[in-house]
Amino acid sequence: MGATGHNTRDTVMIIYQVYPRSFFDSNDDGIGDLAGIEQKLDYIKHLGVDAIWISPFFKSPMKDFGYDVSDYRAVDPIFGTMDDFRSLMRRAKQLGLGVIVDMVISHTSEEHTWFKQSRARQNDKSDWYLWADPRPDGSPPNNWVSVFGGPAWRWDAERRQYYFHSFFSSQPDLNMHNPRVQEAVLREMEYWLDLGVSGFRFDACNHIFQDQLLRNNPPREDTSAALHPYGFQLHVYDQARPEMLPFLEKIRRLLDAYKAFSLAEVGGHDALKLMGQYTHAGRLHSAYSFALMQPDSSAKYVSNVIRTLEDSIHPPGMPCYAMSNHDKPRVASRWQNGRDMLDTAKQSLALMFCMRGDICMYQGEELGLPQADVPFERIQDPFGISFWPKFKGRDGCRTPMPWNGEVHGGFSRAEPWLPVDTRHIDMNVSEQESDPASMLHFTRAMIALRRERPELTQGTISLLDAPEGVLAFTRRHRDGSITCFFNMDTSPKRLPNLGWASSLLSQHLDLARETLTLGVSGYCLLEG
């Protein structure tokens with residue numbers, strides 16, 4: 001027997017992530033927008049989800065496609081207007097869908113008024129960002145490096161100091177040690193809460209505080225997997241600092257006043273344990289990491305993720321499981337390993353919806369979309385341009401949603417900001433609606449099953465011993481139980497039949513009197 005989970009809050013969330021640039025273009029300029037999201041809310045509601053999380057649509061120079069905010073209280077014109085957002089909110093409320101806003105609070109754009117004032121030492125904002133003097137030889141104050149490559153310090157000739165940036169140099173990090181900065185950030189959240197949003201997804205939570213002494217990070221022993229210098233360090237001083245915990249408690253007090261929800265994105269070293277700290281009582285409601293967005297899809301690896309989260313996150317906190325998002329290759333390709341792509345997509349989605357906790361599903365995941373192949377000349381992501389071809393950037397998971405078989409998959413009548421993969425057009429929503437065996441119909445059925453069975457929404461989770469290559473666990477609630485088997489290997493697996501008479505849902509299953517055989521990409525949910 002492995003880890004046993006906890007009973008937590010009665011309701012778990014199913015959240016559908018919308019990447020607005022690529023969801024639906026209502027005005028045919030090649031870029032998705034808020035009005036486009038509103039037009040597709042009925043589609044999202046039909047999936048059976050509770051809420052949508054919309055990636056940033058704030059005013060921005062778009063050097064990091066909205067994750068560089070220049071005004072937290074304004075909608076960027078490429079996405080529409082504040083009236084468009086209010087209209088979207090009204091329609092979502094009519095449908096019973098929550099709206100979760102993506103808050104980026106570790107950094108702003110260099111074009112934000114706060115940074116301009118800080119650079120000029122105006123309005124008492126001199127220390128609103130992380131500024132530091134050079135070393136005597138003019139070099140940066142320490143060895144910290146950027147997630148996107150190169151030094152994490154940029155010289156500013158106006159102040160004659162360096163400023164710190166975890167990501168692109170156009171994204172200066174706020175000095176969250178300053179209580180006035182914390183209060184200002186909380187007021188930006190309050191603005192959206194007053195508009196009726198259901199809560200926030202907090203971007204890059206582990207990057208919000210840095211060591212005040214600016215100590216050097218120690219080297220990492222194994223750098224074989226490092227794409228660039230960021231992977232050569234253990235990031236103990238430039239992220240995941242303990243000062244984050246009391247700030248999360250401030251956030252939670254604000255959220256509780258509005259009965260709002262919170263979801264943390266947690267990356268970095270030991271992210272699974274950090275998720276436990278961030279979801280401790282009085283902090284955030286839920287957290288997800290990139291643990292299941294890695295290439296490793298082995299039963300051993302996935303079971304270890306589950307075990308670690310069960311050990312780390314305690315009531316009332318809740319883990320959130322996500323297998324794809326706007327930053328990582330789509331799971332249908334990443335976990336394919338030579339197997340049938342549709343079978344792989346169905347298995348990974350079934351696994352995700354059998355997990356104990358909240359769920360984040362990324363747009364197109366319900367269609368089983370593979371990672372798109374974006375040619376170099378169409379790449380938009382500067383991260384990909386810098387490290388091509390070793391790393392092709394994030395554009396392959398950000399291409400437009402295919403709605404029908406028309407030009408550009410019905411996303412737009414104009415040339416889209418990223419090309420629509422021809423394979424995606426063949427997997428469009430309209431086509432899948434007419435095919436009962438499609439991934440889209442399967443997704444709706446899987447979500448409906450999760451909602452019908454309290455074992456899957458409220459039950460504990462217990463990992464089970466199983467043959468190598470098979471992930472096995474039981475979900476229990478009161479007198480009911482569902483035992484789940486997933487063949488994560490590339491060859492069939494046989495197990496003894498321990499008395500299971502029926503399967504709630506399965507793929508490539510042979511349930512004989514004496515044995516249970518799972519074919520490649522096979523899985524089953526068994527009662528009893």
Side-chain angles (χ1 to χ4, degrees), residues 17-27 29-37 52-86 88-89 99-119 125 128-129 146-148 154 163-174 176 181 184-185 187-189 191-192 195 197 200-205 207-208 265 325-327 363 379-386 393-395 397-400 412 416-418:
Q17 183 194 353
V18 173
Y19 191 70
R21 294 181 73 93
S22 300
F23 197 59
F24 185 63
D25 176 15
S26 71
N27 62 355
D29 64 355
I31 297 174
D33 44 50
L34 294 176
I37 297 172
I52 57 170
W53 144 31
I54 309 176
S55 289
F57 52 86
F58 311 115
K59 189 175 181 183
S60 165
M62 297 293 162
K63 292 183 180 179
D64 192 22
F65 302 102
Y67 283 91
D68 48 331
V69 178
S70 58
D71 186 345
Y72 288 101
R73 302 192 186 195
V75 172
D76 194 274
I78 69 168
F79 296 128
T81 65
M82 187 59 77
D83 283 342
D84 291 331
F85 180 76
R86 291 189 178 98
L88 185 159
M89 286 289 300
V99 176
I100 295 170
V101 170
D102 203 332
M103 285 300 293
V104 186
I105 58 174
S106 69
H107 56 269
T108 69
S109 164
E110 63 186 343
E111 296 185 17
H112 198 291
T113 301
W114 295 346
F115 185 70
K116 292 177 180 178
Q117 293 170 340
S118 186
R119 170 181 271 163
K125 289 187 172 62
W128 277 41
Y129 291 80
S146 162
V147 172
F148 292 149
R154 183 174 180 179
Y163 67 82
F164 173 73
H165 56 92
S166 292
F167 300 98
F168 293 121
S169 61
S170 58
Q171 296 168 294
D173 275 52
L174 287 161
M176 295 299 292
V181 176
V185 166
R187 297 293 75 76
E188 303 302 272
M189 295 181 205
Y191 174 82
W192 293 97
L195 287 171
V197 302
F200 301 105
R201 176 262 188 186
F202 292 104
D203 180 65
C205 265
H207 289 279
I208 292 175
E265 177 200 57
N325 72 1
H326 62 288
D327 283 332
Q363 66 183 48
I379 288 287
Q380 301 292 318
D381 184 9
F383 196 13
I385 293 169
S386 295
R394 299 166 291 177
D395 290 339
C397 59
R398 297 177 174 184
T399 57
S412 176
W417 75 287
L418 283 174

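One is the number of the first residue; the rest follow in order along the sequence. All of these numbers come straight from a predicted model, not from anything done at the bench.
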Spatial distance of atom [atom1] ([X]) from atom [atom2] ([Y]) [nearest 0.5 Å]:
X: Ile37; Y: Ile52; atom1: CD1; atom2: CD1; answer: 6.0 Å
X: Phe202; Y: Ile100; atom1: CZ; atom2: CD1; answer: 10.5 Å
X: Phe24; Y: Asp33; atom1: CZ; atom2: CG; answer: 8.5 Å
X: His107; Y: Asp173; atom1: NE2; atom2: CG; answer: 7.0 Å
X: Arg201; Y: Trp53; atom1: CZ; atom2: CH2; answer: 4.0 Å
X: Phe57; Y: Arg21; atom1: CZ; atom2: CZ; answer: 14.5 Å

If you compare all heavy atoms of [X] against all heavy atoms of [Y], which two are closest, and at what distance to 0.1 Å?
X: Pro56; Y: Pro20; value: O-CG, 4.1 Å
X: Ser106; Y: Ile208; value: CB-CG1, 3.8 Å
X: Asn325; Y: Cys397; value: O-SG, 3.5 Å
X: Ser55; Y: His326; value: OG-ND1, 4.3 Å
X: Gln363; Y: Ser22; value: NE2-O, 3.5 Å
X: Ala204; Y: Glu265; value: N-OE1, 2.7 Å

**Request:** Answer with yes or no after comparing the ring centroid distance for Tyr129 and His112 against a 6.0 Å cut-off, counting only values under it.
**Result:** no
**Asked** Would you call Glu188 and Arg73 a salt bridge, taking side-chain N to carboxylate O under 4.0 Å as the test?
**Response** yes
**Message:** Whether Arg394 and Asp64 form a salt bridge (side-chain N of Lys/Arg under 4.0 Å from carboxylate O of Asp/Glu) is what I want to check.
**Reply:** yes
**Asked** Yes or no on side chain to side chain contact (heavy atoms under 4.5 Å, CB included) for Leu195 and Val101, after CA distance, side-chain angles and deciding distance?
**Response** CA-CA 11 Å; Leu195 287 171; Val101 170; over 6 Å; no
Is it the case that the side chain of [X] and the backbone of [Y] share a donor-acceptor pair, with hydrogens and angles ignored and the cut-off at 3.5 Å?
X: Asp395; Y: Asp381; value: yes
X: Tyr163; Y: Ser169; value: yes
X: Asp25; Y: Gly30; value: yes
X: Asp68; Y: Lys63; value: yes
X: Thr399; Y: Leu418; value: no

**Request:** May I ask you to decide if the ring planes of Trp417 and Phe65 are parallel, tilted or perpendicular, using 30° and 60° as cut-offs?
**Result:** tilted
**Prompt:** Under 30°, 30 to 60°, or over 60°: which ring-plane class applies to Phe168 and Phe148, parallel, tilted or perpendicular?
**Reply:** tilted
Below 4.5 Å, heavy atoms only, C-beta onward: do [X] and [Y] meet side chain to side chain?
X: Asp327; Y: Arg398; answer: yes
X: Glu110; Y: Arg154; answer: yes
X: Met82; Y: Leu34; answer: no
X: Val75; Y: Asp84; answer: no
X: Met89; Y: Phe85; answer: yes

**Item:** Audit row: Phe167, Tyr67, ring-ring contact (aromatic ring centres under 6.0 Å, His included) steps and yes/no
**Value:** CA-CA 10 Å; Phe167 300 98; Tyr67 283 91; 9.1 Å; no
[X]-[Y] side chain donor-acceptor pair, cut-off 3.5 Å:
X: Gln171; Y: Ser166; result: no
X: Tyr72; Y: Thr108; result: no
X: Ser60; Y: Asp76; result: no

**Request:** Check the surroundings of atom NZ in Lys125: do more than 12 heavy atoms from other residues, nucleotides or ligands lie under 6.0 Å from it?
**Result:** yes
